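Below: one structure, written as structure tokens.
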Amino acid sequence: MIDLSKTTFAFDDLTGDAAKHLAHLISFDTVSCKSNRALIDYMAAFFGDLGGRITILPDKTGTKANLIAAFGPEDKAGIVWSGHTDVVPADEPEWESDPFVAEIKGDKLFGRGSCDMKGFAACVMAVAPQLAQAELARPIYLCFSYDEEVGCLGAPAIAKYLGQLPMPPELAIIGEPSMMKLITGQKGKIAMRAHVTGMAGHSSFAPEHVNAIEFASKAVERISERGRLYEKEGPFDQDFTVPHATMLVTMMQGGVATNVTPDNCTLTFELRSISGMDPERDMERLLDGITREIVPPMQEKIPGTGIRFEKIFSYPAMGDARGTQGFQRYGDLLPAWGGKVSYGSEGGVFEQIGGIPAVIVGPGSIDQAHKPNEFVEIGQLATCVQFLSDLISFTSSDQV
């Protein structure tokens with residue numbers, strides 16, 4: 001744990017509590033390839049001791065789990081505060097401190113997950129005692145998932161659980177780093193892999209072979225062509241920095257030597273969609289076109305060659321919640337609008353699977369996420385705990 005007395009930054013009580021909780025959360029190594037159960041069990045005990053109704057949703061292996069801690073009545077539509085517990089690896093040599101030991105320098109708290117997104121979880125824990133003592137008129141659901149960083153794998157179970165409640169929540173606040181600005185849209189993503197199988201041989205006899213890289217390149221051109229079509233024809237949403245869907249190849253591997261016709265090549269590519277599209281249909285049409293146009297010449301030459309597609313993961317786009325009843329109820333408390341973002345979040349999962357409109361509001365900058373020496377500004381934690389405290393006060397009032 002960090003010693004806050006050694007810093008000259010002036011903490012108020014809630015901000016100091018958030019910093020302490022964040023230091024503890026950072027100490028759990030929850031890189032996505034590892035279990036998050038120790039962290040989930042710790043948070044479940046913390047919220048349970050405060051009177052929260054605890055639900056744990058494990059994955060099939062039991063080594064990972066989601067947490068839901070509910071406070072307040074069950075007979076009204078409430079609000080969700082949502083975050084993920086996993087973090088990306090911290091293997092970069094540029095780290096100037098242990099990434100899993102929090103360190104404060106000036107007005108910044110460093111550590112893996114400090115902004116993405118254990119900072120939000122720490123703020124929730126800081127205000128949880130206030131939440132437990134409040135006479136809530138509507139429920140507040142604290143939700144923490146596993147494996148967001150590798151495709152939003154845990155959140156669907158949470159969204160399904162909440163969506164099937166007798167009175168489902170009417171709004172979800174996703175605590176991804178947004179510099180505490182209101183984000184009302186997020187792109188979805190389909191990540192794909194193409195396995196291209198050719199036939200190898202000495203490169204001096206190349207016309208007799210099926211060059212996997214050559215045919216993979218033809219697929220790359222089809223993928224790039226579809227991306228250019230989005231750029232030209234839309235659909236468009238000017239609230240995004242890139243106001244249309246994007247499609248591109250992000251990785252390509254193949255071949256074994258300069259004198260061998262390559263018999264294999266692997267492509268990784270993605271589609272980032274905006275709300276209102278049918279990205280699954282678009283992807284299916286693309287793959288069908290590649291299969292019809294590129295594969296037959298391969299198989300006519302050498303039977304058994306071809307292209308096999310594999311979906312790595314997908315998550316839906318998050319639409320604009322500003323016209324919904326839940327948003328209207330809490331809208332006056334939400335911060336200034338910050339647009340829409342192209343990075344992924346679990347907001348679309350809550351909307352599409354749980355029927356729960358979502359927005360993004362969280363401490364820290366996405367510019368610091370997934371980098372060595374990740375940090376969150378202490379001032380962002382202060383703003384976040386005040387925001388959550390105000391939500392609790394409002395939810396305890398006659399107005400709600």
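Just so it is clear, the values below take in all heavy atoms, side chains as well, and ignore hydrogens, waters and symmetry mates. Quick caveat: nothing in here was measured; it's all calculated off a predicted structure.
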Notebook entry, point to check: Are there more than 12 heavy atoms of other residues, nucleotides or ligands under 6.0 Å from atom CD of Glu92?
Noted result: yes
Next item on the list: Could you tell me how the ring of His244 sits relative to the ring of Phe236: parallel (under 30°), tilted (30 to 60°) or perpendicular (over 60°)?
Entry: perpendicular
Item checked: Atom NZ of Lys160: over 12 foreign heavy atoms under 6.0 Å -> no
Checklist line | Salt bridge flag under 4.0 Å for residues Glu280 and Lys311 | finding: yes
Check: Do any N or O atoms from the side chain of Glu351 and from the backbone of Ala358 form a donor-acceptor pair under 3.5 angstrom?
Finding: no
Checklist line | Verify same cluster id: Phe327, Trp337 (apolar side-chain graph, 4.5 Å) | finding: yes
Item checked: Whether Asn373 side chain and Glu94 backbone form a donor-acceptor pair below 3.5 Å -> yes
Item checked: Contacts of Arg281 that satisfy salt bridge (charged side-chain N to carboxylate O under 4.0 Å, His left out) - sequence neighbours left out -> none
Notebook entry, point to check: Would you call Lys105 and Glu96 a salt bridge, using N to O less than 4.0 angstrom?
Noted result: yes
Check: Salt bridge check: are Glu293 and Arg222 linked by an N-O gap of less than 4.0 Å?
Finding: yes
Check: Out of Ile360, Val361, Val341, Ile183, which residue meets the side-chain contact (heavy atoms from CB on, under 4.5 Å) rule with Glu176?
Finding: Ile360
Item checked: Exam field: side chain Ser389 to backbone Gln386, donor-acceptor pair closer than 3.5 Å -> no
Margin query: Would Lys189 and Phe313 count as a cation-pi pair here, with the cationic atom under 6.0 angstrom from the ring centre and within 45° of the axis?
Written below: no
Note to self: I want to check something: taking the side chain as every heavy atom from C-beta on, are Phe46 and His21 in contact at a cut-off of under 4.5 Å?
What the structure shows: yes
Notebook entry, point to check: Taking everything shown except Glu135 itself, do over 12 heavy atoms lie less than 6.0 Å from its CD?
Noted result: no
Checklist line | Side-chain (Thr305) to main-chain (Gly198) donor-acceptor, under 3.5 angstrom | finding: no
Check: Rounded to the nearest 0.5 Å, how far apart are CZ of Phe47 and OH of Tyr42?
Finding: 9.5 Å
Next item on the list: Measure from the side-chain N and O atoms of Arg112 to the backbone N and O of Pro89, and report whether any donor-acceptor pair falls under 3.5 Å.
Entry: yes
Item checked: Polar side chain donor-acceptor pair, Asn66 to Tyr161, under 3.5 angstrom -> no
Margin query: Closer than 3.5 angstrom, by distance alone: can the side chain of Glu374 be matched with the main-chain N or O of Cys115 as a donor-acceptor pair?
Written below: yes
Margin query: Does the structure place the NZ or CZ of Lys108 under 6.0 Å from the centre of the six-membered ring of Phe375, at an angle of no more than 45° from the ring's axis?
Written below: yes
Notebook entry, point to check: Hey, are Asp116 and His84 close enough side-chain-wise for a donor-acceptor pair under 3.5 Å?
Noted result: yes
Note to self: I'd like to know whether CG of Asp332 has more than 12 heavy-atom contacts from other residues, nucleotides or ligands below 6.0 angstrom.
What the structure shows: no
Checklist line | Short side-chain donor-acceptor distance under 3.5 Å, Thr266 and Gln253 | finding: no
Check: Does Arg53 reach the side chain of Ile68, with side-chain heavy atoms less than 4.5 Å apart?
Finding: no
Item checked: Side chain to side chain, Leu248 and Ile223, heavy atoms closer than 4.5 Å -> no
Item checked: Thr291 side-chain N/O to Leu287 backbone N/O, donor-acceptor pair under 3.5 Å -> yes
Notebook entry, point to check: Where does the angle between the aromatic ring planes of Phe205 and His202 fall among parallel (under 30°), tilted (30 to 60°) and perpendicular (over 60°)?
Noted result: perpendicular
Check: Is the closest side-chain donor-acceptor distance between Lys118 and Thr30 under 3.5 Å?
Finding: yes
Checklist line | Short side-chain to backbone donor-acceptor contact, Lys340 and Thr241, under 3.5 Å | finding: no
Margin query: Would the distance check show the side chain of Gln186 and the main-chain N or O of Pro316 forming a donor-acceptor pair, the cut-off being under 3.5 Å?
Written below: yes
Next item on the list: Find out whether the Lys NZ or Arg CZ of Arg228 is both under 6.0 angstrom from the six-membered ring centre of Tyr230 and within 45° of the ring's axis.
Entry: no
Checklist line | Side-chain donor-acceptor pair present, Asn36, Thr85, cut-off under 3.5 Å | finding: yes
Next item on the list: Establish, from distance only, whether the side-chain atoms of His195 and Asn264 form a donor-acceptor pair under 3.5 Å.
Entry: no
Notebook entry, point to check: Pro177 versus Ser365: any side-chain heavy-atom pair under 4.5 Å?
Noted result: no
Note to self: Are Tyr141 and Pro169 packed together at the side-chain level, in the sense that at least one heavy-atom pair is separated by less than 4.5 angstrom?
What the structure shows: yes
Checklist line | Passing option when Lys34 is tested against Asp86, Asp29, Asp147 for salt bridge (charged side-chain N to carboxylate O under 4.0 Å, His left out) | finding: Asp29
Next item on the list: State, without any angle test, whether Thr324 and Glu170 hold a side-chain donor-acceptor pair at a distance under 3.5 Å.
Entry: no
Next item on the list: For the pair Ser178 (side chain) and Gly362 (backbone), establish whether a donor and an acceptor sit closer than 3.5 Å, ignoring hydrogens and angles.
Entry: yes
Notebook entry, point to check: Does a sphere of radius 6.0 Å around NZ in Lys181 hold more than 12 heavy atoms from other residues, nucleotides or ligands, not counting ones at 6.0 Å or beyond?
Noted result: no
Checklist line | Distance, nearest 0.5 Å, that separates OG1 of Thr395 from NZ of Lys76 | finding: 11.5 Å
Item checked: Closest approach of Gly344 to Tyr315 (non-hydrogen atoms, all atoms of both residues) -> CA-OH, 3.2 Å
